[in-house]
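Working notes for the structure below.
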Amino acid sequence: MHSNSIRKLIDCFRDLPGVGEKSAERFVYSMLNFEPDRLDNFANCIVNVKNNVKKCQKCGNFTENDELCDICSNTLRNDSVIFVVEKPKDVILFEKVGNYDGVYHVLNGLISPLEGINPDDINLQSLVDRIKNGNVKEVIIALKPSLEGETTTQYIRKIIEQYNVRVSRIATGIPMGTDIEYIDPMTLEMAFEERKYIS
Ligand code: ZN
């Protein structure tokens with residue numbers, strides 16, 4: 001039997017994605033071997049994230065700034081193009097690609113009628129407000145190819161069609177190096193629909 005505090009910390013780790021009882025136990029027991037300073041640092045890092053990280057008031061991405069994130073407040077970025085993504089981690093991914101100089105909008109969720117997640121539950125109205133009030137010329141939708149991603153993409157397309165804004169979506173298709181026989185039907189269908197003429 002674990003002691004009470006150890007049990008509680010194991011349960012905390014088990015809340016993390018992909019961490020089961022065995023891994024959580026391993027984490028906690030290795031932490032118990034940390035020097036006190038190292039354990040303090042670990043605990044402080046969690047408290048700092050809780051206290052300092054907030055959402056950008058414009059795009060919904062994480063930031064430690066008071067109002068706008070570093071991308072929204074960067075005057076060198078082109079704010080007439082908005083890249084719409086599901087979560088803050090996606091921004092980091094696309095920033096790593098490195099050739100995009102527009103701005104982002106983070107929905108922090110996807111519409112999912114099955115799970116009772118409605119348009120009002122995600123960061124969508126502020127996207128419409130940005131389009132209404134800004135000089136937005138293009139919206140690029142980069143949501144995952146799933147029922148929820150598709151529902152959300154179509155919903156966005158519909159609510160912004162009244163504005164003079166071009167809407168595109170990133171292509172979905174077959175990952176590099178994957179044999180076609182292992183691709184699920186929905187991905188194959190989308191790859192087929194979004195085929196590119198090469199001659
Ligand atoms: Zn921002």
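Heavy atoms only: backbone and side chains are in, while hydrogens, waters and symmetry mates are out. Fair warning: this is a prediction, and the values are worked out from it, not measured in the lab. All ligand and atom numbering here is 1-based and tracks the order in the structure.
- At least one side-chain heavy atom of His2 sits under 4.5 Å from a side-chain heavy atom of Tyr29.
- Taking a 6.0 Å sphere around CZ of Arg7, one finds it holds more than 12 heavy atoms contributed by other residues, nucleotides or ligands.
- When atom types are taken as modelled, the side chain of Asp184 and the backbone of Thr187 share a donor-acceptor pair closer than 3.5 angstrom.
- For Asp11 and Lys8, the salt-bridge test fails: no basic side-chain N is under 4.0 Å from an acidic carboxylate O.
- Inside a sphere of radius 2.8 Å centred on the Zn ion (ligand 1), the protein N/O/S atoms present are Cys56 SG, Cys59 SG, Cys69 SG, Cys72 SG.
- The shortest side-chain heavy-atom distance between Tyr100 and Phe94 does not fall under the 4.5 Å cut-off.
- The pair Glu25-Lys22 does not meet the salt-bridge criterion, since no charged nitrogen lies less than 4.0 angstrom from a carboxylate oxygen.
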